[in-house]
Amino acid sequence: VSPKGDLYVVDSEAARVQAFNDQGGAFVSFGKRGVQKGNFQRPVAIAIDRDGSLYVLDPGREQLVCFDRDHRFTREIPVGKAEDFDLDPARGVAYLLYPADATVKKLILEKGQFDPAFKKVGGEGTGLGNLTKPVAVAVDPYGNVLVADADSKRLGLVRFNQTGECLGRLGGEDYADVVRIASATNGDLFCMSDDGVIRRLDGFGWTLAKFGGKESASKLKNPIDLTVGMGDFLYVIDGDSSQIKKFTQEGAYVSDFVQATDAKQLKKLIDSPTDLVFAQDKLYILDEETPRVVILKSDGAFDPDGGIHHD
C-alpha cells in the first residue's frame, strides 16, 4: 500500500503489477513479460518506499526492478535468486530472502549494493541463528529483521538486528511451520502456523496469547491470513467460512467483521483468499482464484465507492 493509500498487487502469472486507488478503482497496470530491462518473468513481491518509489522482486530475471512514483522504470538491481524481500524505508535498505541456501542479505538501495558489514544471516545448521526452510522475511517497527522458518523443529520465527546479529528465536514455547506474520503498532507479533494456531509474541519472545487451531473449538476453522487493523484489533480471514473474524490482541473473539447481509455475498465472491491488508481504514481481500480484490469499509460493509474488482 502506497503512502497515498493506493493498493498494488503483483500478478505473477500475467507478469505485471496492477494498482487500485483508495476508492478501489483500478487506475494503472504496468509491466509485461520479457527479458529486457523493466520487464518481468516471475514477479513475486512488491514494496513501496516513503516517496512512493516501487520495488518489484523478480526471481525469474534475478532482479529487483525499480519504478518511480509515476510507475516509470528507473533501474534494476541484480539480486540473484531471492524469493522474498521487505523494505526498511527509514534506513534506505531492503532485506532479501534466499531459500536455496537459507540466508538473508541486506541491500543498500541508494548504492544498489549489498552491505558487506551485514553479518551472514541464517544458513543451514543447528545454531541459534541458522535456518532450515525460510519462507518469508519482514521488518518490524524497530528495524529488526524477522524470518519465518517453516520447517524448523525448534521455534518458527527468528529475529535479527540491523547488523545481522541473531536476537533469538521467539515464541516462549516450541512450535514450527510459521506461515504468516503480522506486526502490531507496539512491536508485538502475531504468528500463524500451518495448523491454524495464532500466537501473540512480545519483543522478548514470550507468548502472550494463543488461540485458533484447525482442530480446536474456536471460531477459526481454516485461517488463511491475518492483519492488525482498526482499533488495533486482529483481523483473520477464515477460508472455510470466507468470513473475517475480529479478535482482541489477547485472542478473545469479538465478532464476525463482515455484516450479516453481506456475508453470503462475500462467500460467493471469494474462492481462494490469500492475503488480507489493512490501509486507510479499509480492509482489502485478495483472492487468487477469481482473481479479485474485495474492499471493505471500517464497519465491515462493502465499500460503495471502492466496490469489487477483478481481471
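What you see is a predicted model; the values in this text were computed from it and never measured.
- Put simply, Tyr55 and Leu57 are part of the same group of oily side chains (I, L, V, M, F, W, Y) that touch within less than 4.5 Å, one to the next.
- In the hydrophobic clustering of this structure, Leu107 does not group with Val137; members are Ile, Leu, Val, Met, Phe, Trp, Tyr whose side-chain heavy atoms approach within less than 4.5 Å, directly or through other members.
- Contact check for Ile285 versus Leu276: side-chain heavy atoms found under the 4.5 Å cut-off.
- The nearest pair of heavy atoms linking Ala102 to Thr132 is CB-O, 4.5 Å.
- Counting heavy atoms from C-beta on, the side chains of Asp232 and Val228 come closer than 4.5 Å.
- A distance of 10.5 Å separates NE2 of His71 from OG of Ser53, quoted to the nearest 0.5 Å.
- Between Asp140 and Arg159, at least one side-chain N (NZ, or NE/NH1/NH2) sits under 4.0 Å from a carboxylate O, which counts as a salt bridge.
- Cation-pi geometry between Lys105 and Phe114 is met: under 6.0 angstrom from the ring centre, within 45 degrees of the axis.
- A donor-acceptor pair is defined here as one N or O able to donate and one able to accept, closer than 3.5 Å; such a pair exists between the side chain of Arg61 and the backbone of Asn39.
- In this structure, NZ in Lys297 is found 9.0 Å from NZ in Lys282, a value given to the nearest 0.5 Å.
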*Trace of the salt bridge (Lys or Arg N to Asp or Glu O under 4.0 Å) decision for Arg75 with Asp68*: CA-CA 9 Å; Arg75 60 173 175 152; Asp68 64 18; over 6 Å; no

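- Salt-bridge annotation for Asp101 and Lys120: absent, with no side-chain N of the basic residue lying under 4.0 Å from a carboxylate O of the acidic one.
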*asked:* Between Phe211 and Phe247, does the ring-ring contact (aromatic ring centres under 6.0 Å, His included) criterion hold? Intermediate values first, please.
replied: CA-CA 10 Å; Phe211 57 101; Phe247 295 86; 5.0 Å; yes

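- Ser193 has its side chain within reach of Arg199: a pair of non-hydrogen atoms, C-beta onward, lies under 4.5 Å apart.
- A pairwise comparison of heavy atoms in Gly123 and Asn130 identifies O-ND2, 3.0 Å as the closest pair.
- For the atom pair CD (Gln243) and OG (Ser255), the distance works out to 8.5 Å, reported to the nearest 0.5 Å.
- For the side chain to side chain contact (heavy atoms under 4.5 Å, CB included) with Ile244, the qualifying choice from Asp256, Val236, Thr227, Leu296 is Leu296, the only one to do so.
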*What do the steps show when you test Val147 against Val104 for side-chain contact (heavy atoms from CB on, under 4.5 Å), and what is the final call?*
CA-CA 9 Å; Val147 182; Val104 175; 3.8 Å; yes

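- A heavy-atom distance below 4.5 Å is found between the side chains of Val158 and Cys166.
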_CA sep, side-chain torsions, deciding dist, call: Arg200, Asp188, salt bridge (Lys or Arg N to Asp or Glu O under 4.0 Å)_ = CA-CA 7 Å; Arg200 177 188 173 193; Asp188 287 351; 2.7 Å; yes

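- Note that Lys81 lies outside the cation-pi zone of Tyr98, set by a 6.0 Å cut-off to the ring centre and a 45° limit from the axis.
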*Output, in order, the C-alpha distance, side-chain angles, deciding distance and verdict of side-chain contact (heavy atoms from CB on, under 4.5 Å) for Leu146 and Leu189.*
CA-CA 10 Å; Leu146 311 169; Leu189 298 171; 3.5 Å; yes

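- Leu283 and Ile224 fall within the same hydrophobic cluster, defined by Ile, Leu, Val, Met, Phe, Trp and Tyr side-chain heavy atoms under 4.5 Å apart, directly or through other members.
- Between the side chains of Gln162 and Arg91, a donor-acceptor pair is found at a separation under 3.5 Å.
- No option in Phe160, Phe118, Phe85 other than Phe118 meets the ring pair (Phe, Tyr, Trp, His ring centres under 6.0 Å) test with Tyr95.
- Contact annotation: the side chain of Leu226 approaches that of Ile198 to within less than 4.5 Å [non-hydrogen atoms, C-beta and beyond].
- A 4.5 Å side-chain heavy-atom check between Val56 and Val17 finds at least one atom pair inside the cut-off.
- Not a single donor-acceptor pair under 3.5 Å links the side chain of Gln41 to the backbone N or O of Arg33.
- Rounding to the nearest 0.5 Å places CZ of Arg50 at 11.0 Å from CG of Leu87.
- Contact annotation: the side chain of Leu234 never approaches that of Thr248 to less than 4.5 Å [non-hydrogen atoms, C-beta and beyond].
- Between Phe30 and Phe67, the ring centre distance stays below 6.0 Å.
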*Should Gln113 and Ile108 be marked as a side-chain contact (heavy atoms from CB on, under 4.5 Å) after you check the CA-CA gap, both sets of side-chain angles, and the distance that decides it?*
CA-CA 5 Å; Gln113 299 175 351; Ile108 303 172; 5.5 Å; no

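- Note: Asp225 CG to Asp238 CG = 12.0 Å, rounded to the nearest 0.5 Å.
- Note on Arg42 versus Asp58: no salt bridge recorded, every NZ/NE/NH1/NH2 to OD/OE distance being 4.0 Å or above.
- Linking ILVMFWY side-chain heavy atoms closer than 4.5 Å, directly or via other members, places Phe27 and Ile48 in a single hydrophobic cluster.
- The line from CG of Leu54 to CD1 of Ile46 is 5.0 Å long, rounded to the nearest 0.5 Å.
- Two residues are said to be in side-chain contact when any heavy atoms from C-beta on lie closer than 4.5 Å; Leu157 and Ile181 meet this criterion.
- In the hydrophobic clustering of ILVMFWY residues, with side-chain heavy atoms under 4.5 Å counting as a link, Val44 and Val135 come out apart.
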